[in-house]
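Worksheet for the structure shown next.
Residue numbers count from 1 along this sequence.
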Amino acid sequence: MTPLQKNILNAVKRRPMTLRELQNNLQVDNSRLRTSVSAMVATGELSMRNGTYVPGFATYENANAPETIPCTLVKLAARFGFASRDDGEGDIFIPGRALHGAMPQDKINVKLFDHPRVEGSSEGEVVEVTVPNNRFAGTVCLSEDGRLAVEPDGCRDVKFLLAKQGSEGVHLGDKVGFLITHRGNRHSDHRAAVVEKFGSSDYASECAKAILYGRNVRLEFPPEVLEEAHAYDDATIDPTEAAKRLDLRGIPIFTIDSAETKDIDDAISLQKLDDGYELGVHIADVSHYVRPGSALDEEAFERATSIYYADKVIPMLPTQLSNGICSLNEGEDRLAFSCLMRLDENGEIRSYKFVKSVICSRVKGVYKEINALLEPEEGADLTDLQTKYAAVLDQLPVMDELYRKRLVLRKARGGMDIESNEAKLVMDENGRCVDIVKRDRGTSECMIEEFMLLANQCAANAGRTNKVPFVYRVHEAPDAEKMEKLSATLLACGLNAKFKNPIPTQLELAALLDETRDQPIQIPVHTGILRSMQKARYAPQPLGHYGLVLADYAHFTSPIRRYPDLAIHRILSEMLTGASASQLQKDFNEFAQQASEKSSKQEVAAVRIERDVEDLYKAEYMHSHLGEVYTGTVAGITPRGVFVELDNTVEGFVPAAQLCKGEPQVIDGVSMLDPLTGKSWMLGSSMKIQVAAADVALGRIDFEYMVE
């Protein structure tokens, strides 16, 4: 800022001034003053109000706010950004000229404006980048003057010129990983260099690699981790350790998973008693192999979760453990951590105990096959399946019986069963998506989920009642504001959604879910209820689980792929040795807090990656179906247009301009009306569309409305 500009700004801070008043006040040449004022308006340092100049949005100061607020920039577009406050107090809108070149995931200090342009909002200016993030993935494009540039993923219309060195062999449309090598005060001044070349953005597999690169996903294990893992190459269990444990190899224990699963961490057994049932949930004893302070443990803590996408997995643990000594493979002795439960004849838990055990799975069960045995189709030949499952066949009807009783109990307490429309991507030998199938859950999937839930419930109860440090899976009640919006949406859908209290009971919400199940309105209602909920997370406090209607809940059953499960295995193992509550608190208080925070953060990142990558593959699949006509369901309505979901879970966008001749009227986010034609569209209504475009790099699909 020049000395004259500083004088101008100081003058208008005292009181608003016209151009003539500024000239008289500062005694400066009119032409020079006009040039400076115009430049200051362009950069946001001045604004015009009622014929006078006042400080602009980039120079407002809020005397009541802290000098600066530490934040992280979380979203960037060509003309604005959003910064998330590090104190958790929400987001701050940053106008384009006030970004000063800040990039997503930069640690920044923000100064709030005294007079935001939107009343009641938080707006501010980036005054400092404290920790820059210079690693990104993007798509090679051309700058406005025709030079090679790169557009960072998730930052539309933001482009950086590419340095010639390192850009050899890079073509338009390529997905690349790049570093910002020079930063200016504006994004257009930044310069970038390519450090990774992935391939054409026409292929979802290459775009997926770029996403993983841009989000710093660790694809390879460090040498010290691999060195520890190699100790378990082709490993078998230690007979000395097995002799110390409860030997359950004589019990018909088996696993049930999808056919392609290789990291099998849970097995079951069930026996019917005169007065109920004895259910065993047997989990791989990962904590025996992954010890505190080891390189394996430190890496697992950092990853916190395995990431699954398309037909690939980025494991939390090396394959020597995840697919080897820790996987409960058929016919192989394995060390396990067993939860042995006694349930009464109604399926209620009467007692439980946790024991270190040694097991041997009799069969690698497959969901599809178990479903065929439990619900045989008329005339089906089940001879081969009955032979495969002969060792455990007697357990299947008893498991089904117990599951049905547990289902009655879940419904009675108001447990919510939200339809989630998961997709299964079918890949060819080249890794391209050739089909998308809606993933249906049969009896066996629901049955295993219920049995795992029981073990998780017992684990949390053990932690809470013994008052030891723990990692709980918590799901807090929704807030009243979100519920108010949900009520308005449901009422606009024609549903009776007048709850007795601001926060509805789980029974009230469960009734709405059941009322709309298999109805045209199911997708928007189930999605609306899901979005109105708080996000489940990990916490060291037993805050309960609203959605499951349980006071006690934790994750115990998947220690191969989730760190919280491994963490509580470690704590429960110490409990079994007789360690006192005070000793456990001393040993694990800080650990439980850190594991909860890290695992919650990494879970959010993993879910976002899985969702974004799935969108890439869906766009790749639909690109081969351009011009084809489908009938879908209206799943979302905005002033810009509507989202339509097809039966295969693919979602595309229809612009409002194709639907309405006049200005569209959106009512409660539930319906869109064209006032000129009288036509309207509601959530849940069917719409005939044609596939107009599918951008793989953006994971975006556009539909064209077909007049019926």
According to side-chain hydrogen bond (donor to acceptor under 3.5 Å, both in side chains), who are the partners of [X], at least two apart in sequence or on a separate chain?
X	answer
T261	S258
S338	H282, S357
S596	none

Review point. Would a 4.5 Å heavy-atom cut-off, applied to side chains only, mark P469 and L584 as touching?
Key: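 With C-beta onward as the side chain, the pair touches.
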
Check your understanding: Quick one: which of F451, Y472, Y352, F337 gives a ring pair (Phe, Tyr, Trp, His ring centres under 6.0 Å) with F556?
Key ->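 Result: among F451, Y472, Y352, F337, F337 is the only option passing the ring pair (Phe, Tyr, Trp, His ring centres under 6.0 Å) with F556.
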
Donor-acceptor pair, distance only, cut-off 3.5 Å: does the side chain of [X] make one with the backbone of [Y]?
X	Y	result
D266	I283	no
E330	S361	no
T72	V74	no
Q602	S599	no
S600	Y538	yes
N589	Q585	yes
S580	Q583	yes
E196	V176	no
D428	N430	yes

**Study point:** Results of salt bridge (Lys or Arg N to Asp or Glu O under 4.0 Å) for E332 - residues two or more places apart only
**Key:**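 With sequence neighbours excluded, E332 shows a salt bridge (Lys or Arg N to Asp or Glu O under 4.0 Å) to R334, given in chain and number order.
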
Exercise for review: Give a yes or no on this: more than 12 heavy atoms of other residues, nucleotides or ligands lie within 6.0 Å of atom CZ of R156.
Suggested key: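 No, the 6.0 Å shell around CZ holds no more than 12 heavy atoms from other groups.
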
[X]: ring-ring contact (aromatic ring centres under 6.0 Å, His included) partners, not counting sequence neighbours:
X	result
Y621	H625
Y309	none
H545	H475, Y553

Residue pairs involving [range] (criterion salt bridge (Lys or Arg N to Asp or Glu O under 4.0 Å); sequence neighbours excluded):
range	value
residues 448-460	R406-E450, R410-E449, R410-E450, R441-E449
residues 286-296	none
residues 296-317	R218-E299, D297-R570, E299-R303, E302-K598
residues 200-217	E206-K209, R215-D612

Practice item. Under the side-chain contact (heavy atoms from CB on, under 4.5 Å) rule, collect the residues that match up with R362, sequence neighbours excluded. Key: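 Scan of R362 (side-chain contact (heavy atoms from CB on, under 4.5 Å), adjacent residues dropped) gives P252, A391, V392.
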
Exercise for review: Working to the nearest 0.5 Å, report the span between OG of S269 and CG of L340.
Suggested key: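 Between atom OG of S269 and atom CG of L340 there are 7.0 Å.
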
Check your understanding: Taking 4.0 angstrom as the limit, do D552 and R464 come out as a salt bridge?
Key ->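 A salt bridge links D552 with R464.
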
Check your understanding: Would you call D615 and R700 a salt bridge, using N to O less than 4.0 angstrom?
Key ->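 No, no charged N to carboxylate O under 4.0 Å.
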
Point to revise | Closest approach of R183 to A102 (non-hydrogen atoms, all atoms of both residues) | key: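 Closest pair (atom of R183, atom of A102, distance): NH1-CA, 4.4 Å.
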
